[in-house]
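This report concerns only the one structure given below.
Remember, it's a predicted structure, so these values are computed and weren't measured experimentally. Throughout, a chain's letter reflects where its sequence line sits, starting with A, and its residues are numbered from 1.
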There are 2 protein chains.
Amino acid sequence: MINGRFATVIHILTLLAQEEGALSSSYIAGSININPVLVRKEISVLRAAGFVVTQEGKNGGSSLAMPPSKIRLSDLYRVVYKEGLFAHSRNLPNQHCTVGKRIGVIMDGLNTEAEQALLKRFRSITIRDLLERV
Amino acid sequence: MINGRFATVIHILTLLAQEEGALSSSYIAGSININPVLVRKEISVLRAAGFVVTQEGKNGGSSLAMPPSKIRLSDLYRVVYKEGLFAHSRNLPNQHCTVGKRIGVIMDGLNTEAEQALLKRFRSITIRDLLERV
DNA sequence: TTGTTCTGTAATAAAAATAATTACAGAATG
DNA sequence: CATTCTGTAATTATTTTTATTACAGAACAA
C-alpha cells in the first residue's frame with residue numbers, strides 16, 4: 001500500500017471542485033481530518049503543477065485553475081509519485097549473485113509495466129468523474 | 001511507493017527458479033541482502049499459498065512447488081498485498097462533509113480499478129519470464 | 001544417541017517514513 | 001494597522017518497516 005498523498009490530493013481537488021469560491025487550508029484540513037500544514041504542502045505541489053491557484057492573505061484560499069473535467073488522475077499520479085510503484089529493497093542486493101545483480105533492472109521494468117497499465121486506466125478518470133461519485 | 005515485500009518475494013522465487021536444489025533462508029537472504037528471518041517469513045507466506053515447499057532440518061531449505069511458468073505475478077501480488085494499492089487517510093475524514101463522507105468509498109473504487117488494470121497486465125508475466133530477464 | 005544445521009515463530013529493538021505541531025515572516029483585506 | 005490568511009522551515013511524534021535476538025523443534029549424519 002502506498003502512502004496517503006494520492007488520497008489527500010484527490011480529496012483536496014474534489015472539494016475544490018464541489019464548493020464555491022476559494023477554500024482555506026484549515027477548511028480543507030477539517031474535511032480530510034489532517035493538519036492544515038500538510039494541506040498547504042500538497043496544495044503547493046498542485047499549484048506548481050498548474051491545477052490550483054491560491055490567493056494569499058485575508059479571505060484567501062485555493063481554487064481550481066481549470067475545469068475538473070481537465071484534471072486526470074494520471075496527471076495527479078505523476079505529480080504525487082515521482083518514484084516507481086514498487087520499492088526496491090533498500091539494501092543493495094548481492095552483486096556477486098546473478099539474480100541480485102539484475103533484480104534492480106527487473107523491478108524497474110515491472111514498475112514501468114505496472115504504471116503503464118495503471119496510467120492507461122487513470123487517463124480516462126477525471127476529478128469531474130469523482131465529483132459525480134460524491 | 002509501496003513496501004518492498006513484492007520485490008522480496010520476486011527475488012526469492014527467481015532465485016529458487018534459477019538454482020538447483022533447495023536453498024536455505026540464509027543463502028537467499030545473502031542474495032537479497034536482508035535478514036534471514038524476513039526471508040523465512042515471506043517463504044512461509046509463499047508456502048501457505050502453495051508456491052514453495054520447505055524441507056526442515058539439516059540441509060533443509062525451500063524450493064519451488066511448481067514450474068516457474070505457473071507462477072504469475074498477479075498471484076504474487078494478491079499474496080503480498082491484502083489491502084488496496086492506495087492508502088486511505090489514516091484519520092477518519094469529516095463525516096459531516098459530503099466529500100469526507102464519500103471519499104472512502106471513492107478511494108476503494110479507484111483501488112479496485114487500479115488493481116484490475118495492474119492485475120490484467122501481471123497475469124501474463126510469470127517467474128519464468130523474469131528468469132529470462134536475468 | 002547426540003551434535004549440527006536447518007526452519008518457524010515470537011518478542012523486542014532499531015531505523016526509516018510519514019504525519020503533526022510549532023513558529024514565524026509575509027500577503028491581502030477591511 | 002489589526003486580522004486572517006498563506007508559505008515554509010524546523011522540530012517532534014507516531015507509525016510502519018526492517019533487523020535482531022532467542023529458542024524450540026525437525027532432519028540428518030556420525
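A sub-4.0 Å separation between OP1 or OP2 of dT6(D) and a side-chain N or O of Ser25(A) is present. For the OP1/OP2 pair of dG7(D) and a distance below 4.0 Å, the side-chain nitrogens and oxygens of Arg47(A) include at least one atom meeting the criterion.
Computed from coordinates, the Asn59(A) CG to dT3(D) P distance equals 15 Å when rounded to whole Å. In this structure, Ile34(A) places its CD1 atom 11 Å from P of dT21(C), rounding to the nearest Å. Between the CD1 atom of Ile28(A) and the P atom of dA19(C) there is a distance of 17 Å, given to the nearest Å. Atom P of nucleotide dA10(D) and atom CG of Asn35(A) are separated by 18 Å, given to the nearest angstrom. Atom OH of Tyr27(A) is separated from atom C1' of dT6(D) by 19 Å (rounded to the nearest Å). Remark: P of dT18(C) and CZ of Phe86(B) are 15 Å apart, rounded to the nearest angstrom. Counting to the nearest Å, the C1' atom of dA15(C) and the CG atom of Leu38(B) are 13 Å from each other. Between the P atom of dT18(D) and the NZ atom of Lys41(B) lies a distance of 10 Å, rounded to the nearest Å.
Screening Ser25(A), Ser62(A), Ser26(A), Ser24(A) against Arg40(A) for a side chain to side chain donor-acceptor pair (under 3.5 Å) leaves a single residue, Ser25(A).
Of the residues near DNA chain C, Asn91(B) and Ile43(B), the one whose nearest nucleotide (by heavy atom distance) lies more toward the 5' end is Ile43(B). Each of Val37(B) and Gly57(A) was assigned the nucleotide of DNA chain C with the nearest heavy atom; the assignment lying further toward the 5' end belongs to Val37(B). Heavy-atom distances to DNA chain D give each of Glu56(A) and Gln55(B) a nearest nucleotide, and the one nearer the 5′ end belongs to Glu56(A).
Counting heavy atoms from C-beta on, the side chains of Ile12(A) and Leu16(A) come closer than 4.5 Å.
As judged by a 4.0 angstrom heavy-atom cut-off over every strand, Ser62(B) is placed among residues making no nucleic acid contact.
Among all heavy-atom pairs drawn from Val53(A) and Leu64(A), the shortest one is CG2-O, 4.3 Å.
Without hydrogens or angle criteria, Asn33(A) side chain to Asn91(B) main chain gives no donor-acceptor distance under 3.5 Å.
With dG30(C), dT18(D), dG8(C) as the candidates, the nucleotide lying closest to the side chain of Lys58(A) is dG30(C). With distances taken from any side-chain atom of Ser24(B) to the nucleotides dT7(C), dT6(D), dT9(C), the minimum falls on dT7(C). Candidate nucleotides dA19(D), dA23(C), dA27(D) were compared by shortest atom distance to the side chain of Arg40(A), and dA23(C) ranks first.
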(request) List the steps, then state whether ring-ring contact (aromatic ring centres under 6.0 Å, His included) holds for Phe6(A) with Phe86(B). (result) CA-CA 7 Å; Phe6(A) 195 56; Phe86(B) 303 106; 4.7 Å; yes
